[in-house]
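What follows is a short report on a single structure.
All residue numbers refer to positions in the sequence shown, counting from 1.
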Amino acid sequence: MSQTEIVNRVTRSGIQVYDLELLWDGHEVREMDIASFLEHGILLREKSFRSQVNTYDWGVFNGIHVALYCSSDALVPVWAYMLIASRIDGARTITMGRKFDVLREQFSRALDAEDWTKFSNRIVVVKGCGSGIVPESAYIRAMYELQKTARKVMFGEPCSSVPVWRRSGETVD
């Protein structure tokens, strides 16, 4: 009985998979609502605010990404956020906003540092199935950068992808 050789056609095709999830460092993102530092959740009294900031255990943010926000409609001056940020010295990063803002900022930094020349004249599949950690803005930015160097860009998985863009003169399958 003869054995049929299994051929990985994706590998042979020269398609390069670009997995944006690999740009994430995998560390926790924790949101910090400063409304609890405000009187009745809406009024910032400087003396009381500073006292609470001084007695809070900021060590809970060591090694993670922090998103600072206020859940109430209080008018919080920028210096208040700055004061809190000055106490969170063990965090990986601190961002104004929510978890989504941390992710968008981190992916933006990673995409800024990317060497896009490695995709020069290549067929690239931007991996689209994953954990959901990648913000949509990262896919848009990746497309913008890839079309400067790649020959063709698709979205999804190599075995099941959607053609998105091709260099002039190429055909989209």
Side-chain angles (χ1 to χ4, degrees), residues 1-35 58-71 78 81-82 84-85 88-173:
M1 180 182 286
S2 68
Q3 292 184 349
T4 305
E5 180 184 347
I6 298 174
V7 177
N8 186 332
R9 291 186 297 171
V10 172
T11 302
R12 280 193 178 169
S13 71
I15 293 173
Q16 186 167 353
V17 177
Y18 186 45
D19 187 353
L20 290 167
E21 280 193 9
L22 297 177
L23 299 177
W24 179 243
D25 67 11
H27 291 278
E28 177 187 354
V29 177
R30 189 173 304 160
E31 295 180 336
M32 167 67 172
D33 183 3
I34 71 163
W58 298 107
V60 299
F61 298 110
N62 286 343
I64 65 172
H65 300 281
V66 181
L68 295 176
Y69 76 102
C70 183
S71 62
V78 173
Y81 291 102
M82 292 172 65
I84 288 173
I88 306 175
D89 63 356
R92 296 189 73 75
T93 60
I94 305 171
T95 300
M96 177 73 177
R98 304 300 294 260
K99 178 180 180 178
F100 175 80
D101 298 300
V102 170
L103 295 173
R104 187 175 50 220
E105 187 174 292
Q106 291 303 305
F107 275 92
S108 181
R109 284 183 188 152
L111 290 165
D112 282 346
E114 187 68 85
D115 176 13
W116 297 101
T117 61
K118 66 185 175 188
F119 301 106
S120 185
N121 206 32
R122 304 285 306 267
I123 298 172
V124 180
V125 174
V126 178
K127 188 173 179 190
C129 301
S131 67
I133 196 85
V134 181
E136 291 174 353
S137 59
Y139 290 100
I140 304 306
R141 171 71 185 282
M143 181 67 239
Y144 175 76
E145 299 297 342
L146 285 168
Q147 68 186 6
K148 294 176 186 178
T149 61
R151 188 172 89 212
K152 185 182 207 177
V153 178
M154 298 180 286
F155 176 80
E157 297 289 334
C159 61
S160 173
S161 57
V162 176
V164 177
W165 174 88
R166 63 163 170 75
R167 187 179 302 145
S168 203
E170 302 267 337
T171 58
V172 176
D173 305 296

Ile94 versus Ala85, closest heavy-atom pair with distance =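 Scanning both residues, the minimum pair turns out to be CD1-O, 3.7 Å.
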Could you pull out the closest heavy-atom pair between Gly156 and Val125, with the gap in Å?
->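 Gly156 and Val125 have their closest heavy atoms at O-CG1, 3.6 Å.
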Partners of Glu157 by salt bridge (Lys or Arg N to Asp or Glu O under 4.0 Å), sequence neighbours excluded?
->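 By the salt bridge (Lys or Arg N to Asp or Glu O under 4.0 Å) rule, Glu157 matches no residue at all.
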Who pairs with Arg104 by salt bridge (Lys or Arg N to Asp or Glu O under 4.0 Å), at least two apart in sequence or on another chain?
-> Asp101
So, does [X] use its side chain to make a donor-acceptor pair with the main chain of [Y] at under 3.5 Å?
X	Y	answer
Arg167	Ala150	yes
Glu21	Ser131	yes
Asp33	Ser71	yes

Any chance you could lay out the side-chain contact (heavy atoms from CB on, under 4.5 Å) test for Leu20 and Val126, step after step, and finish with the verdict?
-> CA-CA 7 Å; Leu20 290 167; Val126 178; 4.1 Å; yes
Any salt bridge between Glu31 and Lys99, counting N to O under 4.0 Å?
-> no
Could you go through the side-chain contact (heavy atoms from CB on, under 4.5 Å) check for Phe107 and Val134 one step at a time?
-> CA-CA 8 Å; Phe107 275 92; Val134 181; 3.9 Å; yes
Report the distance from atom [atom1] of [X] to atom [atom2] of [Y], rounding to the nearest 0.5 Å.
X	Y	atom1	atom2	result
Trp116	Leu111	CH2	CG	5.0 Å
Ile133	Asp25	CD1	CG	9.0 Å
His65	Arg30	NE2	CZ	12.5 Å
Leu103	Leu23	CG	CG	12.0 Å
Arg151	Ile123	CZ	CD1	4.0 Å
Leu68	Arg98	CG	CZ	11.5 Å

Is there a side-chain contact (heavy atoms from CB on, under 4.5 Å) between Tyr69 and Ile34 once you walk through the steps?
-> CA-CA 6 Å; Tyr69 76 102; Ile34 71 163; over 6 Å; no
In sequence, state the C-alpha distance, the side-chain angles, and the governing distance for Trp165 and Lys152, and then conclude on side-chain contact (heavy atoms from CB on, under 4.5 Å).
-> CA-CA 6 Å; Trp165 174 88; Lys152 185 182 207 177; 5.7 Å; no
How about Tyr144: does its OH atom have over 12 heavy atoms from other parts shown lying under 6.0 Å from it?
->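 No.
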Tell me, which pairs form a salt bridge (Lys or Arg N to Asp or Glu O under 4.0 Å) where one or both residues lie in residues 115-132, sequence neighbours left out?
-> Asp19-Lys127, Glu114-Lys118
Check whether any side-chain heavy atom of Phe100 sits under 4.5 Å from a side-chain heavy atom of Thr95, and report yes or no.
->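 Side chain of Phe100 against side chain of Thr95, heavy atoms only: no contact under 4.5 Å found.
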Could you tell me how the ring of Tyr18 sits relative to the ring of Phe119: parallel (under 30°), tilted (30 to 60°) or perpendicular (over 60°)?
->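 Perpendicular: the ring planes of Tyr18 and Phe119 meet at over 60°.
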Under 3.5 Å, is there a donor-acceptor pair between the Glu105 and Thr93 side chains?
->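 On atom types as modelled, these side chains do not qualify, holding no pair under 3.5 Å.
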